[in-house]
Amino acid sequence: MSVLPEERKNEILKELKTMGKVKVMELVSQFQVSEETIRRDLMILEEKGLLKRVYGGAIKSVFQFEEPPFTQRTTVNQDAKVKIGKKAVELISNGDVIAIDVGTTMLEFAKCIENKQDITIITNSLPVSSVLTESLNQNKFSGQVLLLGGLIDSKQQSISGSFTEQLLNQFNLDKAFISAGGVSIKSGISNYHLHETLVSRKMVEVSKQVIMLTDYSKMGVDTFCKVCPLEKVDVIVCDRPFPEEWKTHSKLEDIDWIEA
């Protein structure tokens, strides 16, 4: 089984998510690489806070119920996030007022925004605002960027709190682009952090259209805080096709699923 290093790491994480643990020798056989290569993969994933190495393999990390810091997540499933970002930009129309919430997928999305005219972008993400400001300076798009005020979370590089939510009440948004820590039929869209979740909820509330960007690793996952039920989402942009198990749920028929 010949795969690229990043693909191999993603497959290791998927197996870890399903089984709760992985064994070095089984991974060596599965991927037909050396024991040293697998141990190096596990070491890199541990440094990113995505697993905990133990004798003979690895187990789920303490971040099973807590999201790793923003900087540790930037390279996880990055290829998928870039594809999702490029596809999602097609949903922005000239003159739109949009909101972009937090997360590494949203950062890749922000990097892709160009050739749009007179758009207003509201965000509570420090990295997203920085990227968009630089894009404005380079004339990649025209319009304005509004960074919401509030309490700064240095680990997640986000802004949240009651003041942030109150500011969102002042706007009529055409589209809210939201991220997810988990997506499931039972719990809908969920995230790890309460304060960030409350801001995302407010974005959903004040927007005419809700667009969720997520890679397939989030599907079937429930995290700590509920953002909204799936029925409130108008569009989902993902790197995989519409899940087979969703096709029997009539409430999800109105969701426009876009494969990146």
Side-chain angles (χ1 to χ4, degrees), residues 10 14 17-18 67 73 76-110 112-113 116 119 121-125 128 168 171-193 196-260:
N10 287 336
K14 288 178 185 177
K17 175 183 169 183
T18 303
E67 193 174 34
R73 293 183 282 119
V76 178
N77 291 337
Q78 187 177 20
D79 290 343
K81 293 171 184 176
V82 171
K83 288 196 297 182
I84 290 166
K86 289 179 178 178
K87 197 68 178 179
V89 167
E90 298 175 10
L91 302 176
I92 302 176
S93 301
N94 292 337
D96 269 350
V97 178
I98 68 173
I100 301 177
D101 75 356
V102 300
T104 52
T105 301
M106 293 303 173
L107 179 60
E108 296 302 331
F109 170 50
C112 297
I113 296 176
K116 303 295 180 181
I119 59 174
I121 305 175
I122 299 166
T123 185
N124 62 322
S125 166
V128 165
L168 278 167
F171 304 105
N172 291 312
L173 303 179
D174 294 304
K175 295 158 187 170
F177 290 85
I178 64 171
S179 59
V183 185
S184 72
I185 292 174
K186 178 182 178 182
S187 299
I189 314 304
S190 59
N191 262 318
Y192 291 89
H193 308 283
E196 289 179 3
T197 297
L198 294 175
V199 175
S200 297
R201 280 185 196 170
K202 183 58 67 174
M203 288 181 177
V204 170
E205 181 184 320
V206 300
S207 296
K208 297 172 185 173
Q209 186 179 39
V210 177
I211 302 167
M212 186 185 71
L213 313 186
T214 182
D215 65 78
Y216 207 75
S217 69
K218 311 294 177 59
M219 306 306 296
V221 175
D222 291 329
T223 54
F224 181 54
C225 303
K226 294 181 181 180
V227 176
C228 67
L230 281 170
E231 300 92 279
K232 286 197 173 183
V233 177
D234 300 293
V235 182
I236 295 177
V237 184
C238 186
D239 59 318
R240 301 283 183 87
F242 190 82
E244 285 292 330
E245 61 271 22
W246 284 19
K247 293 181 179 179
T248 57
H249 292 265
S250 58
K251 289 183 179 180
L252 308 182
E253 290 177 352
D254 294 332
I255 294 177
D256 186 6
W257 184 281
I258 300 175
E259 184 180 352

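Note that this is a predicted model, so its numbers are computed, not measured.
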Between CG on residue Leu213 and NZ on residue Lys218, distance to nearest 0.5 Å | 10.0 Å
Side-chain donor or acceptor of Asp234 paired with backbone N/O of Ile211 under 3.5 Å = no
Under 3.5 Å: donor-acceptor pair, side chain of Asp215, backbone of Asp239 | no
Using salt bridge (Lys or Arg N to Asp or Glu O under 4.0 Å) as the criterion, list what pairs up with Lys83, not counting sequence neighbours.
-> none
From CG (Leu91) to CG (Asp174), nearest 0.5 Å = 13.0 Å
Would you give the length of the straight line joining atom SG of Cys112 to atom NZ of Lys81, rounded to the nearest 0.5 angstrom?
-> 13.0 Å
For residues 203-210, please give each side-chain donor-acceptor pair under 3.5 Å, one per line with the distance, not counting sequence neighbours.
unit_1, atom_1, unit_2, atom_2, d
Glu205, OE1, Lys202, NZ, 3.4
Glu205, OE2, Lys202, NZ, 3.3
Ser207, OG, Met203, O, 2.6

Is there side-chain contact between Lys87 and Ile84, with heavy atoms separated by less than 4.5 Å?
-> no
Of all heavy-atom pairs linking Ala260 and Val237, the shortest is CB-CG1, 4.5 Å
Shortest non-hydrogen contact from Pro241 toward Tyr216 = O-CE1, 3.9 Å
Pairs of donor and acceptor atoms involving the side chains of residues 92-100, under 3.5 Å and at least two apart or interchain, shall be tabulated with distances.
unit_1, atom_1, unit_2, atom_2, d
Asn94, OD1, Gln117, N, 2.8
Asp96, OD2, Ser93, N, 2.8
Asp96, OD2, Lys175, NZ, 2.6

Output the distance between atom OG (Ser200) and atom CD1 (Ile189), rounded to the nearest 0.5 Å.
-> 10.5 Å
Residue list, side-chain hydrogen bond (donor to acceptor under 3.5 Å, both in side chains) with Glu244, at least two apart or on another chain = Lys247
Tell me, please, which residues at least two apart from Ser190 pass side-chain contact (heavy atoms from CB on, under 4.5 Å).
-> Thr223
Set of residues satisfying salt bridge (Lys or Arg N to Asp or Glu O under 4.0 Å) with respect to Lys186, sequence neighbours excluded | none
CG (Leu173) and CG (Leu168) are apart, to the nearest 0.5 Å, by 6.5 Å
What residues form a side-chain contact (heavy atoms from CB on, under 4.5 Å) with Pro229, not counting sequence neighbours?
-> Glu231, Lys232
Taking it one step at a time, do Asn191 and Glu196 satisfy side chain to side chain contact (heavy atoms under 4.5 Å, CB included)?
-> CA-CA 8 Å; Asn191 262 318; Glu196 289 179 3; 5.8 Å; no
Who are the side-chain contact (heavy atoms from CB on, under 4.5 Å) partners of Ile255, not counting sequence neighbours?
-> Leu230, Ile236, Leu252
Those residues at least two apart in sequence (or on a different chain) that pass side-chain hydrogen bond (donor to acceptor under 3.5 Å, both in side chains) with Ser179 are Asp101
Evaluate the side-chain proximity of Val102 to Asn124: yes if any heavy-atom separation is below 4.5 Å, no if none is.
-> yes
Would you give the length of the straight line joining atom OG1 of Thr123 to atom CE of Met106, rounded to the nearest 0.5 angstrom?
-> 9.0 Å
Decide yes or no for Val128 and Ile121: does some side-chain heavy atom of the first lie under 4.5 Å from some side-chain heavy atom of the second?
-> no
According to the ring pair (Phe, Tyr, Trp, His ring centres under 6.0 Å) rule, which pairs have a member within residues 226-245, sequence neighbours left out?
-> Phe242-Trp246, Phe242-Trp257
